[in-house]
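Sequence lines set the chain letters: A, B, ... in the order given, protein chains first and strands last, and positions in each chain run from 1. Quick caveat: nothing in here was measured; it's all calculated off a predicted structure.
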Amino acid sequence: MEIAVGIDLGSTTTKAVILNEKNELLGRGITNSRSNYDVACSIARDEAFIRARFALTGGFLGTDWETSETRNAVLDELERRFRMQQHLEQVSRLREELHHAAEAPRHAEYRSGLNDALDTILDSMVKNAPALYDTGVERKSDFFRDLASAEYMDLANKISDPKGIDFETLCGVYDAAILDVENTASDLSFDANITAALEETLAASHLNLEGDADKLRNAVVQARDAELYERGTVGTGYGRQRLPFPKEQIRSEILCHGLGAHYMFPNTATVLDIGGQDTKAIQVDSKGIVTSFQMNDRCAAGCGRYLGYIADEMNLALHELGPLAQKATTKVKISSTCTVFAGAELRDRLAAGQRREDILGGLHRAIILRAMSLLARSGGVEEEFTFTGGVARNPAATQALRDLVEENYGNKTINISPDSIYTGAIGAALFAAQGTEAPAQEVSA
Amino acid sequence: MRPALEEIVGRANALYEDLDFGAVTDWKRRNPGRKAIGYMPIYVPREIVHAAGMLPVGIVGGSDRLEIIRGDAYFQSYICHIPRSTIELALSGRLDSLDGMLFPSICDVIRNLSGMWKLLFPDRYVRYIDVPQNFDARVGGEFWRREIEALRDDLVVLGGEPITDDALNKSIAVYNENRRALIDLYKARSEQPWVFPTPELYVVMRAGNVLPPDEHTAMIRAYLDEAPREDREDKDHSRIVIVGTFCEQPPLGLLRTLERAGCWIVGDDLLLGNRWIETEIPTEGKPMENLSQAFIEHSTATASRYDAERAKGESLIQSVRDNEAEGVIFCAPSFCDPALLDQPMLVNALDREGISHTQFKYSEDTGQFGVIHEQAGTFSDSIRLWSEV
Amino acid sequence: MTNPKQPSSPGTIAEVRKEESMNLQKQMIGGHYQALERAPKEGRKVVYTFVPGNLTELIRSFDLLPVLPEINALQSGMRKLSGGYIAEAEKSGHSEDVCTYVKCDIGMMKKGNISPTGTKIPDPDLLLLSYTGCFTFMKWFELLREEYGCPVAMLHVPYQADGTIHAHHRDYIVEQIKTELIPKLEQVSGQKYDEDRLKESLKLSAEAEDDFVHVIESAKNVPSPIDAYFGGVFYIGPMFTAFRGTPEGVEYYKTLCAEIDERVRLGLGPITPDGEMTEERFRLVVEGPPNWTSFREFWKMFYEEGAVFVASSYTKVGGLYDRGFRHDPEHPLETLADYCMGCYTNLGLPSRIELLQDYINEYKADGFMINSVKSCNSFSAGQLLILRQIEERTGVPGGFIESDLVDPRYFSAANIKNRIESYLQMLEQRRKTGVAS
């Protein structure tokens, strides 16, 4: 099967997507890219391939499987078992790295105690794993680091002894070990983990798979062995220059965002992307080709990072900002979207007795006002209007945008996809599908 | 506040806060067929507009109450705020009552704004007015006379009526009255700043941007009568002069903050264009020559005016002396080239005279004054401590 | 990548060649700085003045030597000295907000006024404030007047808001030259005004101006033999500074013309710091001055993509010769007046847009780019409207980048490269898909 791969190396996350011959989304992956770009890139890519093979498994199962509900239940079980295998694989990597970290000379005096404590914790983690991946359990994160850290800290806290192996020591070795787990790719591939997952799934009594075992087994094997031939890979995003690709395989994120937005919403004429580092206003033609664009100036005022800064100042989580801002009752006019001054203005206003909700309401509007001026510079808001990037997930920001677009450009269709974070990677994959020389007309969603 | 004073200040405040320029629309309703002409800082000879039977309307941005939605699309982040809010006012239809707009030379931003206006509003009258920097009557004076005659001729065409010398002389007289009233007001504030607090004086003066001059003069006079009847007490404040506010205006909150922080403002360059000519202009003879001559001989000193004769800072020092001020606050808009480039020279001049000073920047929409309050308060305290030594 | 003729690797390089004209210019500039250094010893007097509306012929007719602080500032920028100078000026109370040419110059002065070539620049005997197209010029020389305590001759040049020279504008300038400039020049130099000498010099100016126009218009060829922006700043050098109206100036442009004619004949592209550009992929028109602190890096972002600038507004700050203006020896003072008024930054926005629009058409440009510099409001205020108007009128998409003249803090290479890349890729995409332009 021929596929096209797109990779978007962003400032906070790295995304990868895979398209099939019909340019349908086959798989996608995302990872935090705070450490190493190469690793981030390969993790996101591997994840996209895993998803692609799951999608293929579903395809090979065919439509003749009793009902789609059963089919989905089986696939869900299979994937949860697979994820647990991956998790266990990483726990075992973590175990290696923890013991390695315990080798440091400063732990010499109490090393054996420390190793015992670590094993206690890790044994618990292994024991708890199935529960984490049980049917219907919602995991707090898709990232191993997040899941493992929470659990490890909890367990470390319980077994630590201020007079023996104390909490600080346990944290110290963990911090060193988790970095290594993250930065060196473990074998988390479909190939390596699917067999165990398949057997467990087949054994799961509640699914009653006895009669269909072969069908499932065949589908999995077919998916595992399917040859995925990469017609092309294109990279984009903030860090695209660091991708180990030749120049022809790199596209600017502006072009990719335009094409990606067109893919998701084919009537898109105007795209606004507010990401962590920058804001882009893009106009595209009916084929998703960029005709004009504007980006924020050198200061990052009004970008996602600004909201992160505000959240830190207010001691809130980023996702809490929007809902709180929606509770504003009084309109507060914020004049500074400058990250440097925002903190001071915020403290001033709080000290002056203004409500947190109202200030946040004003801040969200101020950010969107900045975006409005970029939109105006790029040529305005045309029908339809697609909003992408991390800030598109913030309800207060999207509400402010709806209001301001309505006030200034009249009633416009505003598209926001929950998957908008993949917009750039999809655009890149579409470019990859076109090949470097093929004319863009051939692209269609 | 007593009702009579309340009425004056209330009206002035309402005019200040009205971003829709209702006073101009009202005036046009009362004077059917007449036109209103806007002008930017610093100086235009409003007498000519007035003599054409038109209403001169001062446009100095949108203050801190105007939300900028369209204006930012036209200006990079390193350009001051006044052109954004001015464009915003126009694009939002708030300046639709203006039949024309005058852009006197003051800086490159306002200069270029004149061209932007032509492009954005091709059906409205727009004139860039090149204010001379040569103060030789035969050279700069002659040029200026011809420049303002060109303005007069334009207004004749626009208004469809001749502008007689007689009408010009009458208008000169009207503005002489207005300037005299303002000079009296400034003198009164300098003597008793607690009776004429600057945030109040400012809105009363600012009303002249939208009111016909005779009406405005009456308002100033009434305010001069009424304010002293209010029971207001002197405070242990220091007396300061502020510099840098000749174009983009500080928000009222900033003026209030300075007073709250212990500073009586006894001299300033707020809305300087209204007080640009420092004497009476003759009301007989050839009005265009008189206007030109007054400009050449009696223009005030400010950052955007070239002064070959006087040393830098001379007139600022004079203002400090005349107003018995104890210090100077440089209070310039962010990114204001004329004010900010002038500042180091004025600082040197003050240092040579041993006059205390401090400085900060603002923008017309600055919303928070905590830092400024602290800085001005410390400055005021330090001046008073110093004077006790 | 190994075969330089391979069409798929644009912007590949043939060989690095130094042209004779380049050496000539280097000698002229070096010689001028040396003459300046010797001036106090030899009793020659020095006049500081600005590039736009500079009256070099008049200054030279009194045997005075011109110094152009903007050129010193941009040279300091190219030699990575400006950052330190600006810091020096800000330390002494100058705002971060204002023009960095001014701060660079003041910093340089405070550090002993050593020219970018290492020679000492003498203090001014006169500041000729040609107040053309930039309000900051006035503040700049007021600041220098404070420092040097020398006389100032103010020449106020009215703005061409409506694109026409009015009689009273011309009269005003001529009167100022007669009553303000000439008396002060006479006083400083100890020489009487010699109109015949001025006329001689103006004749030489006109001669060089013809050749200069030939040079910048050579960019109408496909491929263009020159880069009219990054290369253009070298070509305007003698014309816009101390050498207009001099025999060396005439000689320089003759040599340059011959070189460029030869390049056209051979069908060669422009010379870049890395050698010759072998494939012209994009023809661009640009508005705004270049960045000087990362000049080469900035240029490279274009030439390595095969983008060449075929016309620029920056190379018109010292006069719009390509639109027909020539110094006219028959009307020496009037021609100086018209020259001053016609400089690019002295034109109203509508005229600037028309000019850029014409350039896009005449030079068959694929794209239009604005480099918006923080320092220069004269250029920058209104550029976003220029961008929109140009896009509407020509259908050519505009690109917008932001930097500064000589403040290294305002050149964010990654950000600028990102925009340029995105912009050029967009042009490429549009071309492939046949989007109108």
Heavy-atom pairs under 4.5 Å with chain C, option from A308(B), S334(B), P132(B) with the top count: P132(B)

Side chain K139(C), main chain L340(B), donor-acceptor under 3.5 Å: no

Max heavy-atom pairs within cutoff under 4.5 Å with chain B, candidates P158(C), G93(C), G348(C), goes to P158(C)

Separation of H168(C) NE2 from D130(B) CG (nearest 0.5 Å): 8.0 Å

Decide yes or no for N134(B) and M154(C): does some side-chain heavy atom of the first lie under 4.5 Å from some side-chain heavy atom of the second? no

Whatever's closer than 4.5 Å to a heavy atom in chain C on S105(B) counts as both

So which part of A303(B) gets closer than 4.5 Å to some heavy atom of chain C, the side chain, the backbone, both or neither? both

Region of I87(B) that comes under 4.5 Å of a non-hydrogen atom in chain C: neither

Taking R127(B), E142(B), E147(B) one by one, which has the highest count of heavy-atom pairs under 4.5 Å against chain C? E147(B)

If the plane angle is over 60° it's perpendicular, under 30° parallel, otherwise tilted; pick one for F143(B) and H169(C). tilted

Counting heavy-atom pairs closer than 4.5 Å to chain B, which one of F379(C), Y131(C), W140(C) comes out on top? Y131(C)

Chain C contact via V126(B) - side chain, backbone, both or neither, heavy atoms under 4.5 Å: neither

Taking atom CG of D97(C) and atom CZ of F335(B), what is their separation to the nearest 0.5 Å? 4.5 Å

K312(B) with E142(C): basic N within carboxylate O range, under 4.0 Å: yes

Heavy-atom distances under 4.5 Å only: say whether P83(B) touches chain C with side chain, backbone, both or neither. neither

T136(C) versus chain B, the contacting section by heavy-atom distance below 4.5 Å: both

Would the distance check show the side chain of N112(B) and the main-chain N or O of G382(C) forming a donor-acceptor pair, the cut-off being under 3.5 Å? no

Report the option among L387(C), L349(C), V152(C) that has the most heavy-atom pairs separated by less than 4.5 Å from atoms of chain B. L349(C)

Determine the option with the most heavy-atom pairs under 4.5 angstrom with chain B, choosing from V174(C), D171(C), I386(C). D171(C)

Are the side chains of Y306(B) and H156(C) in touch, meaning some heavy atoms are under 4.5 Å apart? no

Heavy-atom pairs under 4.5 Å with chain B - which of I353(C), T345(C), L384(C) has more of them than the others? L384(C)

Below 4.5 Å from any heavy atom of chain B, which atoms of C99(C) appear? Answer side chain, backbone, both or neither. backbone

Closest non-hydrogen atoms of L341(B) and V102(C), given as atom of the first, atom of the second and distance, are CD2-CG1, 4.1 Å

Separation of R146(B) CZ from H166(C) NE2 (nearest 0.5 Å): 11.5 Å

Looking only at heavy atoms, what is the nearest atom pair of P350(C) and G115(B), with distance? CD-CA, 4.0 Å

Does any part of the side chain of Q76(B), heavy atoms only, come nearer than 4.5 Å to the side chain of S380(C), both counted from C-beta? yes

Would you say that Q133(B) contacts L129(C) through its side chain, given a criterion of any heavy-atom pair below 4.5 Å between the two side chains? no

Are more than 12 heavy atoms from other residues, nucleotides or ligands located less than 6.0 Å from atom CZ of R393(C)? yes

When rounded to the nearest 0.5 Å, the distance separating OH of Y78(B) from CG of N377(C) is 7.5 Å

Is K118(B) reaching over with its side chain to a backbone N or O of A161(C), donor-acceptor style, under 3.5 angstrom? yes

Heavy-atom contact with chain C under 4.5 Å, split by part of V139(B): both

Heaviest contributor of heavy-atom pairs below 4.5 Å to chain C, chosen from I106(B), L120(B), I110(B), is I106(B)

First locate atom OG of S77(B), then atom NZ of K374(C), and finally report the distance between them rounded to the nearest 0.5 Å. 9.5 Å

Measuring only between side-chain heavy atoms, which start at C-beta, is R111(B) closer than 4.5 Å to S378(C)? yes

Is the number of heavy atoms from other residues, nucleotides or ligands under 6.0 Å of Q187(C) CD greater than 12? no

Using a 4.5 angstrom heavy-atom cutoff, name the option from H94(C), E175(C), E146(C) with the most pairs to chain B. E146(C)

Side chain, backbone, both or neither: which part of R305(B) has a non-hydrogen atom closer than 4.5 Å to chain C? backbone

Residue pair Q389(C) / L119(B), side-chain heavy-atom distance below 4.5 Å: yes

Are K361(B) and S95(C) side-chain neighbours, meaning at least one heavy-atom pair lies under 4.5 Å? yes

Would you mind reporting whether D108(B) and Y159(C) have side-chain heavy atoms less than 4.5 Å apart? no

